[in-house]
Each structure stands twice: as C-alpha cells, then as structure tokens.
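Note sheet for the following structure.
Just so you know, ligand 1 is whichever comes first in the structure, and atom 1 is the first atom listed for that ligand.
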Amino acid sequence: MLYHSTRSREQLCGSKEAILKGLCADGGLYVSDDMLKTSLDMKALMEKSYEEIVLEVFRVLLDDYTEEELQYCVQRAYRGKFETEDLTPVTPIGDSWLLELYHGPTSAFKDMALCMLPQLMSKALKDEEVMILTATSGDTGKAALSGFQDAEKIGITVFYPYQKVSDIQYLQMATAEGGNVHVAAVRGNFDDCQTGVKKIFAAKTGEFKNKYQVALSSANSINVGRLVPQIIYYIEAYKQLVRRGVISFGEKIDFVVPTGNFGDILAGFYAKLLGLPVGRLVVASNENKVLTDFFRTGVYDKNREFVKTISPSMDILVSSNLERMLFYACGCDCDYVAGLMKDLNEKGRFEVSPDVLKYLQDVFDCGYATNEESKQAIAGAYREDHRLIDPHTACGYKVAKERGAAAPAVILSTASPFKFAKDAYESIFGVLEGNAPDGFAYMDALSERTGEKIPEALASLKTKEIRHKDVVEIAEMAAFAESCISG
Ligand SMILES: *Cc1c(COP(=O)(O)O)cnc(C)c1O
C-alpha cells in the first residue's frame with residue numbers, strides 16, 4: 001500500500017511514514033489509490049474476534065508492519081482498558097441499534113483509535129524522538145493524553161479551547177498524568193486551536209528537528225493511524241447483527257454517524273470500500289451544519305456564525321477529513337482537490353462539480369439537530385426508548401428518527417452520557433436544585449434517577465490532582481510547544 005497526499009502524487013510512502021508524519025508536507029492528507037483496488041473477505045470476518053478483525057484489516061492497509069509488530073500493537077491496545085467484555089457492544093434503541101463506542105478509558109469513541117495509534121507509532125519509530133501536537137474540541141485531548149501517557153520516545157502536547165469544553169472534559173485534561181504530557185488552554189475556539197497547530201507544523205517542523213532532534217507529529221483524526229482502527233467497529237457491528245440473526249450476511253445496513261471532523265464516518269466509507277455491505281452513511285451534524293448544507297448543495301461554506309452547542313466535539317466549521325472523501329469522490333484527482341482546498345483557504349468556501357456531488361449523495365445521506373432538538377432527542381430517547389444517550393449521539397438519534405422506521409440503522413454512540421451529565425440530566429429532568437451543582441453532582445443525580453452506572457474513569461476524576469494550568473493566546477501556541485520540547 002502506497003500513501004501520498006490528497007493534493008499531489010509526488011511523494012509516495014508506506015503506512016509507517018504516513019503514521020509518523022500525520023500530515024503531508026504540502027498540507028494535504030495521506031490517502032492511497034490502492035484503497036480502491038483492495039477488498040477483504042467480509043464473510044470470513046464474521047467468524048472472527050474483534051482483535052482478529054483488527055489484524056486482518058491492518059495486514060492489508062498497514063502492510064509495511066511485520067506480523068510480530070502488528071501482534072504487539074493489537075495485544076497492547078485494548079486489553080484490560082475497557083469496562084465491557086465486548087469492546088463495542090451493539091444494543092437496541094427503538095427500531096434501530098446503538099453501537100456503543102464509549103466503554104474505553106476516557107468514555108468516548110476517540111479511545112477506539114487512540115488506544116491503538118501510540119502502539120503503531122512506537123513500532124514505526126527507529127531512533128528518532130517525536131512530539132505529538134494535538135488540537136482538541138474536548139474528547140480527543142484526554143483520549144490522546146491517556147493513549148500516549150509514558151509512551152517511549154514520544155511526548156504529547158494538547159491544545160484545547162479555553163472555557164469551551166465541559167467541566168468533566170476540563171478535569172480529564174487538567175489532571176492528565178505522565179512525565180511526557182503537556183496541556184494548554186487557548187483563548188479561542190476549536191478551529192483556532194486546529195489552525196494554530198497546522199501553522200506550527202508548517203513553520204516549525206524543520207527548526208525543531210535541527211534544534212532539538214525532535215520530529216513533530218499529530219494524533220488528530222487526520223492521522224492514518226487513527227482512521228484505520230476506526231474501520232474495525234463498523235465490521236464488528238455488522239458481525240454482531242449477523243450473529244444475532246437481525247440481518248443475514250450480504251444485507252445492507254445504514255450507519256448514522258454524529259459527525260464533526262469527518263473521521264468517524266470516513267472510516268465507515270473505508271469499510272464500505274473494503275467490501276462491507278453498507279447501505280447509506282448518514283452524516284448527522286449539530287447546529288454547525290456546514291456538512292448538511294454541503295451534502296445538499298455541493299457548496300461548502302465556512303463563512304457563518306460558529307455556534308456553541310451542547311455537543312462541543314462536533315462544533316467544527318472545517319471538517320478536515322472531508323478532504324479525503326473529496327479525493328475519492330472526484331476519481332482521485334489531486335489537482336482538483338488542491339484547487340478546492342485553495343478556495344477554502346482563500347475564500348472560506350468551495351463548490352464541487354455536479355458529478356462529484358452525485359457521487360457523494362449516492363454514498364451519504366445527511367441531517368442535523370439544532371441545540372433544542374438535541375435536548376428533545378435526549379428526552380425522547382429516554383422516555384420512549386428507555387435509553388440514556390449523550391448530546392452527540394442525540395444528533396444521530398434525531399436524524400435517524402427523521403428518516404423513519406422503514407430505515408432501521410446503526411447509530412454510532414460516541415460518548416457516555418455521564419461525560420455530558422449536566423446537559424443529559426437537564427434535557428430529561430430539568431434543572432438540578434442546589435447551590436451551583438457541578439459536573440459531579442449532575443453525574444450522581446443522573447445515575448440516581450436513571451439507575452445507570454457512572455463509568456469508573458469518570459467517577460475517579462473527583463479526587464485527582466490538577467496538574468496543568470497554562471492558558472495561552474493563539475499567538476503563543478508555538479512558543480508553548482517549543483517549551484514542551486526543550487523542557
Ligand atoms: C470527535 C467526536 C465526534 C465527531 O467525530 P469526527 O470523527 O470528528 O467526525 C462525535 N462525538 C463525540 C463524542 C466525539 O468526541
């Protein structure tokens with residue numbers, strides 16, 4: 001498998017290099033033309049365990065790793081870190097299904113990829129050292145900090161938008177342990193953090209390498225090493241439904257995916273390319289519905305008000321991984337993608353051709369939930385379907401309901417409701433009485449009223465020490481990163 005930039009084929013590399021670099025030198029994302037020529041024997045995968053499916057997918061897509069290296073990665077990634085026996089259980093909700101992706105160490109779906117990425121990176125490294133730079137809208141931060149904690153030869157620096165993450169997300173990051181982890185809050189929104197990190201990569205990579213012999217890399221959802229592990233749970237969900245006789249092998253099923261940066265749903269597209277019988281992939285957005293508008297009209301326009309919602313991990317106006325989808329949708333034409341990205345950079349908008357739009361509309365369906373609709377969806381899921389869901393999953397639930405009972409789907413459930421306990425609680429039961437109840441009071445109340453158990457990783461946050469207190473301006477991000485590398 002050879003990887004190259006979405007914007008040019010000038011430099012080809014294997015998956016190890018793509019994983020170490022994260023982002024291509026020209027600003028594009030790593031893709032592989034071979035993806036279109038590759039398929040897996042999906043029927044045979046229905047008989048395999050989660051870890052065996054990981055291995056089968058990796059052997060094909062990450063084929064420059066040795067068998068021993070892949071075995072090492074798989075054994076270290078998930079064992080002993082999940083609260084359920086099945087890593088990703090599929091459970092009923094109304095006429096549809098929830099694919100529960102939140103039973104890992106930080107109670108959100110980012111764990112599925114971020115337990116694996118550090119293993120893949122450490123096996124790709126030779127003698128060099130690496131600093132991971134990550135911008136997070138909340139969940140990635142802690143999942144990355146947890147995944148990379150005390151990794152050998154790898155440090156990690158996480159930037160998150162100051163006062164724009166939940167109480168609990170804040171505590172998860174501020175209490176992160178490990179000698180190699182650094183955290184700063186940035187006075188700006190998530191897009192500012194993401195743009196700031198991209199600028200550091202563009203301006204500082206050479207300088208840091210010369211001065212400190214440290215390479216920069218990313219753990220963002222643009223990394224091939226995050227995308228590929230996310231393919232597995234689509235196959236796993238399908239397997240569970242086949243095994244239970246809900247569908248027979250070969251029958252297509254739709255997946256509804258709460259979407260922000262477009263990484264999760266792109267992995268669903270990769271699963272489809274590899275031969276999984278996927279029907280529609282449904283992009284579910286929140287009130288920042290730039291993707292809904294794009295899939296309906298072919299015009300991507302980020303020139304709009306940024307809305308702060310109760311699903312902060314989807315508060316995104318530039319969905320980075322969409323670039324990869326554009327690459328496949330236009331017949332792998334790098335120049336075409338480069339042109340669109342130039343428009344996005346210069347004008348904040350681009351428009352795809354009718355052919356590309358048609359391709360996209362055949363693969364994807366879309367919808368969104370306003371903030372108010374997300375709250376109603378949480379209440380509705382609880383009252384009608386007796387399921388407690390988080391505000392991100394609620395966007396998927398709302399969009400799935402809208403499509404109707406004739407289109408049963410697997411809704412990807414991306415976070416534990418206890419991670420967003422205040423919004424979940426208030427949506428169902430109204431405001432909690434008491435003197436300024438904090439995130440923990442809401443967790444306890446939510447658990448008491450619903451009878452559901454608080455995940456251990458969240459319950460234990462209460463007693464942990466605050467270790468990271470830095471708040472920086474956008475313009476200070478590079479200096480902060482340098483201090484982490486030099487220190
Ligand atoms: C990151 C995240 C999403 C969005 O996933 P993308 O891959 O960015 O589209 C949805 N829900 C939660 C809880 C998340 O953390």
- request: Establish, for the pair Lys164 and Phe190, whether the NZ or CZ atom is under 6.0 angstrom from the six-membered ring centre and no further than 45 degrees off its axis.
  value: no
query: Between Phe109 and Tyr102, does the ring centroid distance fall short of 6.0 Å?
result: no
- line: Expected contact list for ligand 1 at under 4.0 angstrom, heavy-atom basis, is Phe109, Lys110, Asp139, Pro258, Thr259, Gly260, Asn261, Phe262, Gly263, Asp264, Ser313, Met314, His392, Thr414, Ala415
message: Looking at Tyr382, I'd like to know if the NZ or CZ of Arg387 sits under 6.0 Å from its six-membered ring centre while staying within 45 degrees of the ring's axis.
response: no
query: Would you call the rings of Phe82 and Tyr78 parallel, tilted or perpendicular if under 30° counts as parallel and over 60° as perpendicular?
result: perpendicular
field: Side-chain donor/acceptor of Asp254 to backbone N/O of Arg280, under 3.5 Å
entry: yes
query: For the residue pair Phe294 and Tyr300, does the interplanar ring angle fall in the parallel (under 30°), tilted (30 to 60°) or perpendicular (over 60°) class?
result: perpendicular
